[in-house]
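We count residues from 1, following the sequence as given.
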Amino acid sequence: MKDSLKLAVLCLMAGITFAACSDWTEVEGVNVEQQSPADKYPELYAQYLQKLRNYKQAEHKVVYAWFDNSQKAPFSRGQHITAVPDSVDVIALMFPDKLADFELKEMESVRSEKGTKVVYTISYEAIKRAYDELVKAETAKDAAYVAPNFEAYLKEATVNALKLQSTYNYDGIIVGYKGKSMLHMTAAEKEQYTKEQTVFMNEISAWYTANKNKMIAFEGYPQYVVNREILKSCRNIILNTADITTSSMLTVEALQAIVPDVPTEQFVVTARTTSLDSTDKKTGYYDGSLRAITEAAYWVTNNEVSFTKAGLGIYNVQNDYYNPNNVYQYVRQAINIMNPAPKN
């Protein structure tokens, strides 16, 4: 982006700290008020933010970032969404409920200043997992326990999850649904699968009908959705590719998602950052040694005939903050690969 280098220099200048002097008998700290780029260079910073918002409104490869906001008493800059690279389009909070005051303020800040949307995922699989864990726990305590009807449980859980959007003024939701192939299902299994999916999707559709000013995206396997009408309203179809181990599989997954009534103009693939556990040499890598988000970004830049590569989704984006050379080093690199700055 234009002026990015200039702003980076200003940010570096603003980050300089000064050490206090002392005499031989006592050390006394000197408080030095540091000005942010916005305070020190308000006009230039305002111009930068306007260019940033314009950029996000223009055609480009989008970036989704799933952020672990579980820490409610942050002790690191990396635990704040305001530290996420400015060019990220959508931040998805992984813990969308019980937000702290600082989180609400930061949501408003990135939204109004940077044009970043803040959303969360409503996952069918997460609801089903919670139901199964409930039944297992209650059955262990009481062998005569009668499990609640799953469809009723699913509806209530979906409705409650949707309420979070208005409670915390999220910019929208991501609909998470993996599903499975119906190819080898019996007629009874197909009927039950369709009924449960319909309960979930009907609540999502009703919410979107009443909130068309909000963003909606789909995450998972679109080919396993029975009624794909809701997919037409989705900003992006985010493919579940985070656990593949080679970039060539991205194409395979995208091709498998091309079935009737699945929009192919807005495919986004997903990848993970590397783990903070130094002994984990698998998470966030392709072919054992290549960083997944970097390789996925390069993949996005190569055009396909049968579908459009719209961008990249990055899981656990906050992990990339902790780099010895540069905060969010590889996320920034991926963004620059997909959306290179114009050359003068």
Side-chain angles (χ1 to χ4, degrees), residues 1-21 28-65 67 69 71 74-93 99-119 169-171 273 293 297 311-312 314 317-344:
M1 292 174 56
K2 266 187 176 178
D3 295 331
S4 293
L5 181 58
K6 190 183 296 182
L7 182 66
V9 173
L10 297 178
C11 290
L12 180 62
M13 292 168 58
I16 296 174
T17 58
F18 299 90
C21 296
E28 181 180 359
V30 177
N31 292 325
V32 178
E33 184 177 349
Q34 299 181 37
Q35 287 185 304
S36 68
D39 294 329
K40 196 168 185 179
Y41 306 97
E43 291 186 9
L44 182 59
Y45 191 67
Q47 291 173 20
Y48 165 76
L49 290 178
Q50 186 58 58
K51 288 177 182 290
L52 178 65
R53 293 191 294 269
N54 292 345
Y55 159 80
K56 291 184 180 181
Q57 292 295 320
E59 184 176 348
H60 66 286
K61 301 298 185 183
V62 300
V63 178
Y64 286 72
F67 186 92
N69 63 311
Q71 179 54 253
F75 50 86
S76 165
R77 184 76 183 126
Q79 293 163 337
H80 293 267
I81 63 171
T82 47
V84 172
D86 294 350
S87 295
V88 167
D89 296 274
V90 182
I91 297 174
L93 296 186
L99 299 184
D101 287 342
F102 83 90
E103 292 180 289
L104 296 173
K105 291 176 182 177
E106 291 187 1
M107 285 171 62
E108 178 54 32
S109 174
V110 298
R111 175 190 299 121
S112 60
E113 295 183 8
K114 303 176 183 179
T116 306
K117 294 186 181 298
V118 184
V119 303
N169 193 27
Y170 282 101
D171 295 297
T273 57
I293 62 174
L312 174 64
I314 302 173
V317 70
Q318 75 287 336
N319 286 358
D320 194 49
Y321 177 88
Y322 303 97
N323 280 299
N325 297 323
N326 187 18
V327 298
Y328 285 114
Q329 177 179 349
Y330 296 102
V331 171
R332 296 179 194 278
Q333 181 188 60
I335 294 171
N336 289 333
I337 289 169
M338 295 186 295
N339 300 294
K343 296 179 181 178
N344 296 324

Worksheet item: Can Tyr48 and Leu44 be said to form a side-chain contact (heavy atoms from CB on, under 4.5 Å), step by step?
Response: CA-CA 6 Å; Tyr48 165 76; Leu44 182 59; 5.9 Å; no
Worksheet item: Going through the distances and angles, do Val63 and Ile314 end up as a side-chain contact (heavy atoms from CB on, under 4.5 Å)?
Response: CA-CA 8 Å; Val63 178; Ile314 302 173; 4.2 Å; yes
Item to complete: Please lay out, stage by stage, how Asn323 and Tyr330 fare under the test side-chain contact (heavy atoms from CB on, under 4.5 Å).
Response: CA-CA 9 Å; Asn323 280 299; Tyr330 296 102; 3.7 Å; yes
Discussion item. Run Val84 and Val331 through side-chain contact (heavy atoms from CB on, under 4.5 Å) and show every step you take.
Written reply: CA-CA 9 Å; Val84 172; Val331 171; over 6 Å; no
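With Val118 as the fixed residue, the side chain to side chain contact (heavy atoms under 4.5 Å, CB included) test singles out one of Met107, Glu106, Glu103: Met107. Checked against Thr116 for a side chain to side chain contact (heavy atoms under 4.5 Å, CB included), the options Val90, Asp86, Val110 give a single hit: Val110.
Considering all non-hydrogen atoms of both residues, Gly78 and Phe67 come closest at O-CZ, 3.6 Å. Closest non-hydrogen pair, Gln71 versus Phe75, comes out as NE2-CE2, 3.6 Å. For the pair Met338 and Ala297, the tightest heavy-atom approach, listed with the atom from each and the gap, is CG-O, 3.6 Å. Across all their heavy atoms, Tyr328 and Ala83 have their closest contact at CE1-O, 3.2 Å. Considering all non-hydrogen atoms of both residues, Ile335 and Pro85 come closest at CD1-CB, 4.2 Å.
A distance of 5.5 Å separates CG in Leu93 from CD1 in Ile81, rounded to the nearest 0.5 Å. For the atom pair OH of Tyr321 and NE2 of His80, the computed distance is 9.0 Å after rounding to the nearest 0.5 Å. A distance of 10.0 Å separates CG in Leu52 from CD in Glu113, rounded to the nearest 0.5 Å. Rounded to the nearest 0.5 Å, atoms CD (Gln47) and NZ (Lys51) are 7.0 Å apart.
A 4.5 Å side-chain heavy-atom check between Ser87 and Asn339 finds every atom pair outside the cut-off. Counting heavy atoms from C-beta outward, Leu99 and Tyr170 have side chains that approach closer than 4.5 Å. Side-chain atoms of Ile91 and Val317, non-hydrogen and from C-beta on, never get closer than 4.5 Å to each other.
Neither side chain, Lys114 nor Thr82, offers a donor N or O lying under 3.5 Å from an acceptor on the other. A donor-acceptor contact closer than 3.5 angstrom links the side chains of Ser76 and Tyr322.
Remark: side-chain polar atoms of Arg332 are paired, donor with acceptor, to backbone N or O of Val327 under 3.5 angstrom. In terms of modelled atom types and a separation under 3.5 Å, the side chain of Asp89 and the main chain of Lys117 share no donor-acceptor contact.
Taking the six-membered ring for Trp and thresholds of 30 and 60 degrees, His60 and Tyr55 have ring planes inclined between 30 and 60 degrees apart.
Ion pairing between Lys105 and Glu108 fails under the 4.0 Å rule for side-chain N and carboxylate O.
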